[in-house]
Amino acid sequence: MNINNIELNKIHESLWEIPKHGGMRVPGRIYISENMMQNSLQNDDALKQVINVAHLPGIQKFSLAMPDIHWGYGFPIGGVAATSVEDGVISPGGVGYDINCGVRIASTSLSLDEVQNRIPKLIENLFKKIPTGVGSSGAIKMLSKADVKNILTKGSAWAVENEFGNKNDIEFTEESGCMKEAYVHSVSERAIERGLDQAGTLGSGNHFLEVGVVENIFNDAAAQTMGLFKNQIVVMIHTGSRGLGYQVCEDYLKILHRTSEKFGFDLPDKQLICAPLNSQEGKDYFTAMKCAANFAWNNRQIIMELARRAFKSTFSISDEELAFNLIYDVSHNIAKIEDHSIDGKLRKVCVHRKGATRAFPPGSSQIPRKYLEIGQPVLIPGDMGRYSFIAVGTAKAMDETFGSSCHGAGRIRSRNKALELGKHRDIISELRQRGIVVQAKGKKTLAEEMSYAYKDVKDVVDVMDSAGIINKVAKIKPLGVIKG
DNA sequence: ATGTTC
């Protein structure tokens, strides 16, 4: 197969390999179907980026990409790269600008027939309570710098200490909502200032809060363990570290650019800028990244609590009656030190997941005890007009992809192209006709985020499921969305 | 993704 002048060998129907050539240290591997490759990668430099990432010092096994792959800064979105902690590098481009962008899904006790005609009111209340849009602020009173520094150190626990949620929410958050060794001295004053009024804000772009209904269940046992049932109302939240995380990324791209010569790496793209994990610069970026990650988890935690309150007031019910419980919270833009089997030996590597979700298997010590037998919940939102999926990780993911899977539908049209298509259409009415209530700050964002801008997430999920990397559990259909 | 070109 040849795509965009890149030769790929077929490993099986859902997996393709770019053989090691030139300065590549490892081969590239892309989980995708032939159809999707033809349709989405002909005019996209993302495969070239898979090759570029394979040049990184210390990269292990493969430069990986998931079926939602598309072009990103340096690394493709939908990319996974693991580097040796001894002689490997860490790269901000392998994490992305929105550090710890991620998704959480909460269950409720409500079923569709109980609430169907009150969805517009619910969405209105959610939209009032949760700030959305670029520069959105003011979910909670303006924080002090000391407060923000506490958030950077504590993550979700800060929200819970301030009555935004409970201990159960922490238990069902990846990393318990807090990466250790997050030292605030590595984060610039400017980044902290940008975070002062952004705790508990949704942001813009593809970020959203969605009220959905469980439409299909593929795995009864796993669904039951997660507390899912057919026609159940659930809530999905997709956001990240806002301006604070953006600033951390920008700060360190500049710092690493200044110091790049001293490491003497010969890399095919300046955007792959990186530092050895054991250098001061590498350690500083990593600890700043952890601070931003903790800010993002706290952000999703606060938003979840604001949503919980909006549900309670809209339906006049108690916490007990509502049972607004976190199923799980995953990060899909992050770098983490993990143990993985390489050449038959367990080794410590830095796994960069950029637009890729962790997908740890049954029995993992890193997942909530409740999910020990089913594996880690993998949350895969689609576009706002179609549907989303919940899946679980597998042992095969651990063997093949450093315990990683896809993170969403994957863009197929640029924001500009999507805007062209959508700007003369009444997207709110179109969605309403499909049974989806939308409230959004900007019409521009809606046009950029319509279904035609994305692949069908079902195709993406089916590739990962058929490759055995995840197992599908449930499909969620949107009823109402708030966006930036 | 982003006080959407300090």
Side-chain angles (χ1 to χ4, degrees), chain A residues 46 49 68-79 91-103 131-139 142-143 148 187-209 237-255 257-258 271 288-289 292-293 295-297 299-300 303 330-335 352-357 381 383-384 407-420 422-423 440-449 453-454 482-484:
Chain A
Q49 294 189 312
D68 44 344
I69 180 174
H70 55 110
W71 187 91
Y73 182 92
F75 291 57
I77 294 160
S91 176
V95 171
Y97 269 87
D98 190 4
I99 295 167
N100 191 7
C101 186
V103 185
T132 64
V134 175
S136 54
S137 63
M142 184 83 165
L143 299 174
V148 172
V187 177
S188 70
E189 287 299 308
R190 196 171 170 204
I192 289 167
E193 281 163 14
R194 289 184 70 170
L196 291 174
D197 58 354
Q198 292 193 326
T201 64
L202 199 56
S204 181
N206 62 2
H207 290 166
F208 62 81
L209 181 147
I237 295 162
H238 177 208
T239 184
S241 49
R242 309 284 290 101
L244 184 145
Y246 183 96
Q247 192 64 45
V248 166
C249 181
E250 192 175 81
D251 288 342
Y252 279 91
L253 287 174
K254 278 186 189 150
I255 290 167
H257 188 70
R258 282 204 299 273
Q271 295 185 352
M289 184 218 74
F295 188 84
W297 272 312
N299 189 29
R300 290 197 286 275
I303 291 171
V330 294
S331 172
H332 53 227
N333 276 14
I334 204 158
H352 298 70
R353 295 190 183 92
K354 182 193 194 173
T357 304
D383 64 81
M384 64 184 166
H407 85 306
R411 191 169 275 282
I412 41 167
R413 286 194 165 91
S414 68
R415 291 186 186 281
N416 279 338
K417 286 236 175 78
L419 192 57
E420 273 308 304
K423 68 180 174 189
K441 270 273 160 64
K443 285 197 166 164
K444 186 162 161 276
T445 309
L446 280 183
E448 290 172 356
E449 294 298 318
Y454 287 94
I482 70 168
K483 285 191 70 69

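From a predicted model like this one, the values you see are computed outputs, not experimental measurements. Residue numbers start from 1 in every chain, and the chains themselves are labelled A, B, ... in the order their sequence lines are given, proteins ahead of strands. Just the heavy atoms: all of them, side chains too, but no hydrogens, waters or symmetry mates, feed the values below.
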Distance, rounded to the nearest Å, where [X] contributes [atom1] and [N] contributes [atom2]:
X       : N      : atom1 : atom2 : result
R242(A) : dT4(B) : CZ    : C1'   : 12 Å
Q198(A) : dT2(B) : CD    : P     : 8 Å
N416(A) : dT5(B) : CG    : C1'   : 14 Å
Q247(A) : dT5(B) : CD    : P     : 14 Å
L202(A) : dT4(B) : CG    : C1'   : 16 Å
L253(A) : dC6(B) : CG    : C1'   : 16 Å
N100(A) : dT2(B) : CG    : P     : 13 Å
D197(A) : dT2(B) : CG    : P     : 13 Å

Choose from dC6(B), dT2(B), dT4(B) the nucleotide whose nearest atom is closest to any side-chain atom of S204(A). dT2(B)
Can you label the angle between the Y73(A) ring and the Y97(A) ring as parallel, tilted or perpendicular, going by 30° and 60°? perpendicular
Would the distance check show the side chain of T239(A) and the main-chain N or O of L202(A) forming a donor-acceptor pair, the cut-off being under 3.5 Å? yes
Kindly say whether G200(A) contributes a backbone atom to a donor-acceptor pair with the side chain of N299(A) at under 3.5 angstrom? yes
For the atom pair OH (Y454(A)) and CD1 (I412(A)), what is the distance rounded to the nearest 0.5 Å? 10.5 Å
Passes side chain to side chain contact (heavy atoms under 4.5 Å, CB included), I77(A) versus R411(A)? Steps please. CA-CA 9 Å; I77(A) 294 160; R411(A) 191 169 275 282; over 6 Å; no
Taking the basic N atoms (NZ, or NE/NH1/NH2) and the acidic carboxylate oxygens, is any pair closer than 4.0 Å for E448(A) and K423(A)? no
Could you tell me whether R411(A) contacts a base, only the sugar-phosphate backbone, or nothing, with contacts defined as non-hydrogen atoms closer than 4.0 Å? nothing
Classify the nucleic acid contact of G240(A) as base, sugar-phosphate or nothing, counting any heavy atom under 4.0 Å across all strands shown. nothing
With a cut-off of less than 4.0 Å, is there a side-chain N or O of R415(A) near OP1 or OP2 of dT4(B)? no
Quick check: H407(A) with H238(A) (ring centres under 6.0 Å apart)? no
Residue-level proximity of residues 69-79 of chain A to DNA chain B when a heavy atom falls under 4.0 Å: none
